[in-house]
Number of protein chains: 2
Amino acid sequence: MKPRHAHHSEDCRAVSAILQRVGDKWSALVVTKLGAGAMRFGELKAAVGGISQKMLTTTLRGLERDGFVTRTVFPTIPPRVDYELTELGRELLGPVMALVSWATSNTERINAARNAFDDRSGPAQ
Amino acid sequence: MKPRHAHHSEDCRAVSAILQRVGDKWSALVVTKLGAGAMRFGELKAAVGGISQKMLTTTLRGLERDGFVTRTVFPTIPPRVDYELTELGRELLGPVMALVSWATSNTERINAARNAFDDRSGPAQ
DNA sequence: TGGTATTGGTAACGAATGGATACCGAGACT
DNA sequence: AGTCTCGGTATCCATTCGTTACCAATACCA
């Protein structure tokens with residue numbers, strides 16, 4: 001039997017790195033929210049719901065660094081900062097939305113599996 | 001201007017939970033590897049590359065709990081454990097593979113953006 | 001004239017999670 | 001006997017997460 005997969009370690013690392021970026025608990029959610037158009041910081045925070053300023057700031061910095069969003073500061077008082085998807089970000093939106101819609105429509109199956117698993121191994125334990 | 005997004009907080013949590021599961025650094029990678037067919041523990045570990053036993057065990061337990069993989073133990077010595085995607089897992093494979101291939105073919109653009117960002121804000125600091 | 005709200009962000013700290021290493025068990029092989 | 005195998009656990013330490021407090025600068029209000 002030959003190995004079906006060989007020297008793909010490098011691919012794996014790159015893929016893993018990008019999946020981490022987009023899978024780091026908030027990024028995918030933020031990207032989907034920004035899919036509707038530019039939003040300012042507080043708006044985004046309210047839309048996502050349950051995220052702290054720190055985490056939203058960190059997430060947005062990461063997305064900005066990787067070229068998925070732009071950050072526009074209006075030097076007013078109080079300050080106003082707009083975030084918007086770049087071209088790259090809008091391209092990413094496709095696959096991410098596909099995953100999100102799959103996740104949305106399969107939530108119940110997953111929860112059912114989870115409960116079944118917990119019933120099997122949890123209570124006796 | 002009305003809010004484009006309203007009471008979606010619950011959706012957000014469910015989606016975020018599932019994205020965490022599949023985006024937790026290793027899960028997506030493991031799922032794609034298992035897409036080629038059943039594999040045993042060590043085989044999977046080698047295929048993924050760079051993952052520790054502990055993390056692979058944890059990841060597989062999580063995937064099993066959520067109904068994405070089955071775990072089959074052969075009580076031989078030394079032990080043999082096979083992992084295989086369930087129907088749910090194979091369905092998940094579609095969106096995940098889409099994301100992975102996007103990630104693979106856009107690695108360079110992301111790295112370019114990252115380097116540009118770091119050049120802008122890193123060195124001067 | 002001074003107190004307070006607004007908005008985006010940082011600093012600091014404890015909590016949770018991630019990862020590397022060591023070890024285990026039980027038989028086969030030398 | 002000693003050693004290798006394979007899947008897994010236990011332990012420890014590093015990194016990350018998340019909460020809270022605080023900041024700046026102006027507008028508003030008493």
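Numbers restart at 1 for each chain; the letters A, B, ... are given by sequence-line order, proteins then strands.
Applying the side chain to side chain contact (heavy atoms under 4.5 Å, CB included) test to Arg65(A) and every residue at least two apart in sequence or in another chain returns Arg114(B), Phe117(B), Asp118(B). Scanning for side chain to side chain contact (heavy atoms under 4.5 Å, CB included) contacts around Asn106(B) gives Leu88(A), Glu91(A), Trp102(B), Arg109(B), with sequence neighbours left out. Judged as a side chain to side chain contact (heavy atoms under 4.5 Å, CB included), and not counting sequence neighbours, Ser101(A) has no contacts. Under the side-chain hydrogen bond (donor to acceptor under 3.5 Å, both in side chains) criterion, Arg40(B) pairs with no residue, sequence neighbours left out. Checked against salt bridge (charged side-chain N to carboxylate O under 4.0 Å, His left out), Glu87(A) has the following partners two or more places apart in sequence or in another chain: Arg90(A).
Here Lys25(A) lies in heavy-atom contact (under 4.0 Å) with sugar-phosphate atoms only.
A close approach under 4.0 Å does occur between a side-chain nitrogen or oxygen of Trp26(B) and OP1 or OP2 of dG19(C). The phosphate of dC6(D) (OP1 or OP2) has no side-chain N or O of Arg40(B) nearer than 4.0 angstrom.
Nearer to the 5' terminus of DNA chain D, by closest-nucleotide assignment, is the contact made by Thr58(A) (compared with the other of Thr58(A) and Pro79(A)).
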Under 3.5 Å between N/O atoms: give me all the protein pairs with nucleotides 9-12 of chain C, atom names plus distance.
from   : atom 1 : to       : atom 2 : distance (Å)
dG9(C) : OP1    : Arg61(A) : NH2    : 3.3
dG9(C) : OP1    : Arg71(A) : NE     : 2.9
dG9(C) : OP1    : Arg71(A) : NH2    : 2.2
dG9(C) : OP1    : Tyr83(A) : OH     : 3.2
dG9(C) : OP2    : Tyr83(A) : OH     : 3.2

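Note: CG (Asp82(A)) to P (dT7(C)) measures 13 Å, nearest angstrom. Distance, Ile77(A) CD1 to dA24(D) C1': 7 Å, rounded to whole Å. Here the C1' atom of nucleotide dT21(C) and the CD1 atom of Ile51(B) are 16 Å apart, to the nearest Å. Regarding Arg80(B), its CZ atom lies at a distance of 13 Å from the P atom of dG8(D), rounded to whole Å. Distance CZ (Phe74(A)) to P (dA25(D)): 20 Å, rounded to an integer number of Å. Counting to the nearest Å, the C1' atom of dT17(C) and the CZ atom of Arg21(B) are 13 Å from each other. In this structure, Leu56(A) atom CG and dT7(C) atom P are separated by 15 Å, rounded to whole Å. dG8(C) atom P lies 11 Å from atom NZ of Lys45(A), rounded to whole Å.
Using modelled atom types, one side-chain atom of Thr86(A) and one backbone atom of Phe68(A) make a donor-acceptor pair closer than 3.5 Å. Of the possible donor and acceptor atoms, none in the side chain of Thr59(B) sits under 3.5 Å from a partner among the backbone N and O of Ser27(B).
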